[in-house]
**Student:** 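A single structure is presented below for examination.
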Protein chains: 2
Amino acid sequence: MTPRPRTRIQRKNMNVILDAGLDVFSQHGFRGATLDQIAQVAGLSKPNLLYYFPSKEAIHVTLLTRLMDTWLDPLRDLDPEGEPVAELTAYVRRKLEMSRDFPRESRLFANEIIQGAPRMQEVLTDHLRPLVDEKASVIAGWMAEGRIRAADPHHLIFSIWAMTQHYADFDAQLCAVLGPRYDARFEEAEVFLETLMRRLLSPGGA
Amino acid sequence: MTPRPRTRIQRKNMNVILDAGLDVFSQHGFRGATLDQIAQVAGLSKPNLLYYFPSKEAIHVTLLTRLMDTWLDPLRDLDPEGEPVAELTAYVRRKLEMSRDFPRESRLFANEIIQGAPRMQEVLTDHLRPLVDEKASVIAGWMAEGRIRAADPHHLIFSIWAMTQHYADFDAQLCAVLGPRYDARFEEAEVFLETLMRRLLSPGGA
DNA sequence: TGCTGATTTGACCAATTGGTCAATGTCACG
DNA sequence: CGTGACATTGACCAATTGGTCAAATCAGCA
């Protein structure tokens with residue numbers, strides 16, 4: 001689908017196009033985005049886009065594939081040998097950092113899922129699901145050993161996704177509701193979520 | 001913007017159109033939706049749509065406005081005189097029920113917010129923000145009285161929104177990850193979220 | 001320098017977009 | 001059974017869509 005970049009120029013332009021595509025797709029979704037818009041943001045002509053990518057969909061698929069590579073890293077990093085509460089709060093912190101540092105990627109993903117994930121079914125079932133099941137059973141193990149309080153591990157993971165990605169995906173709402181406190185939203189969120197995780201999971205309920 | 005329906009036929013057709021619009025807008029966002037698609041789902045001709053609504057945007061705006069009316073009811077119902085933990089778990093339960101019973105409405109809202117809420121800024125700052133501030137101070141009052149454990153009330157509300165709406169907005173992801181457990185997702189979520197809220201808020205940390 | 005392949009684009013295309021309008025059909029009510 | 005308002009639509013429009021292509025330009029190398 002995506003030709004391997006061979007020259008300097010190819011690498012540079014493909015990155016420019018993907019960055020522009022990320023801008024536009026994350027803001028309007030696949031169907032709402034147009035090649036003209038992407039070309040304009042990229043500073044290239046439309047035929048030039050199609051010299052590097054065979055179609056609009058190819059740009060989108062390339063973005064989603066590259067995204068999934070790094071998107072799940074925080075969950076992969078969950079260490080079965082680590083201290084349970086520390087591991088899970090660290091996971092939340094990493095996810096929150098991703099929402100802060102890569103909001104466009106989060107929104108691209110959210111758009112795709114909300115619209116039924118038509119171009120991601122296989123990657124979700126083939127890669128995401130096994131990873132989630134694996135980490136859920138690690139968490140279940142911790143719970144069985146009494147190292148953290150019991151709660152459905154899958155829904156625990158879903159809640160962590162929901163709460164952390166919310167700060168990227170619903171940014172416009174936060175901005176409207178928080179007013180002047182908007183600038184501190186990530187610091188406040190980190191404190192709040194750490195408290196939440198600790199009370200939910202710490203054996204003492206601390 | 002939207003003419004008041006005068007006849008039976010008008011009322012019926014406007015509802016048919018709005019329902020079709022909800023289908024299409026919630027799946028593709030504003031720019032990704034087309035009048036032809038809405039007309040097809042509604043079972044009407046395109047010029048007939050435009051006989052009842054002056055433009056594509058008018059349908060969208062009407063949907064959003066009607067939605068906001070009922071979307072915030074669960075939060076409005078939060079009773080300052082009630083028992084704090086019971087009130088907040090009831091709020092979570094009502095929000096979760098809305099995700100279960102009105103997933104299209106949730107996705108319509110999510111699409112609009114993700115795309116920067118270009119058509120909702122004023123309703124967010126004029127209606128949502130005052131309501132959130134009011135309820136946040138109710139919650140803060142409960143915390144100050146020691147009736148629930150302390151935590152940032154605004155971020156508590158955000159987390160409740162995130163976790164409950166996640167079950168509507170990211171349905172495709174849940175389906176892929178949960179597999180056969182997918183059918184029980186709402187029952188499981190209710191149990192999980194009740195546990196979470198209780199541990200987070202109950203003075204004993206129960 | 002000249003050559004060759006990589007890069008860029010103006011012009012173009014068929015299909016689709018949101019929207020208009022005149023003509024037609026239908027319904028309620030006197 | 002008229003008749004006037006309500007309802008419906010086929011035909012059409014200009015603009016935009018994703019995508020093509022031949023011609024022009026550029027970069028690097030012998």
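Below, each value reflects all heavy atoms present in this structure, side chains not excepted, and no hydrogens, waters or symmetry copies. Numbers restart at 1 for each chain; the letters A, B, ... are given by sequence-line order, proteins then strands.
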**Student:** For nucleotides 16-30 of chain D, read 5' to 3', which letter fits each nucleotide if B means a protein heavy atom sits under 4.0 Å from the base, S means only the sugar-phosphate is that close, and - means neither?
**Tutor:** -SBBBB------S--
**Student:** Can you measure A:L49 atom CG to C:dT7 atom C1' for me and round it to whole angstrom units?
**Tutor:** 13 Å
**Student:** Would you say B:Q10 reaches D:dA7's phosphate, i.e. side-chain N/O to OP1/OP2 under 4.0 Å?
**Tutor:** yes
**Student:** Measuring to OP1 and OP2 of D:dT8, would you say a side-chain N or O of B:Y52 lies under 4.0 angstrom away?
**Tutor:** yes
**Student:** With under 30° as parallel and over 60° as perpendicular, where do the rings of B:W161 and B:F158 fit, or are they tilted in between?
**Tutor:** tilted
**Student:** Looking at B:A140, is its backbone amide N or carbonyl O close enough to the side chain of B:S137 to form a donor-acceptor pair, meaning the two atoms are under 3.5 Å apart?
**Tutor:** no
**Student:** Would you mind checking if B:D23 and B:R107 are paired as a salt bridge, meaning a charged N to carboxylate O distance below 4.0 Å?
**Tutor:** no
**Student:** B:S45 has a side chain; which of D:dA7, D:dT9, C:dT7 sits nearest to it?
**Tutor:** D:dT9
**Student:** Round to the nearest Å and state the distance from B:N48 atom CG to D:dT9 atom C1'.
**Tutor:** 8 Å
**Student:** Is there a side-chain contact between B:Y51 and the phosphate of D:dA7, meaning an N or O under 4.0 Å from OP1 or OP2?
**Tutor:** yes
**Student:** Which residue pairs pass the side-chain hydrogen bond (donor to acceptor under 3.5 Å, both in side chains) test when at least one of the two sits in residues 68-77 of chain B, sequence neighbours left out?
**Tutor:** B:D73-B:R76
**Student:** For the residue pair A:Y167 and B:H155, does the interplanar ring angle fall in the parallel (under 30°), tilted (30 to 60°) or perpendicular (over 60°) class?
**Tutor:** parallel
**Student:** I want to check one thing: is the phosphate of D:dT8, taken as OP1 and OP2, less than 4.0 Å away from some side-chain N or O of B:N13?
**Tutor:** yes
**Student:** Rounded to the nearest Å, what distance is computed from the CE atom of residue B:M14 to the P atom of nucleotide D:dC6?
**Tutor:** 15 Å
**Student:** More than 12 non-hydrogen atoms from neighbouring residues, nucleotides or ligands closer than 6.0 Å to CD on A:Q121, yes or no?
**Tutor:** yes
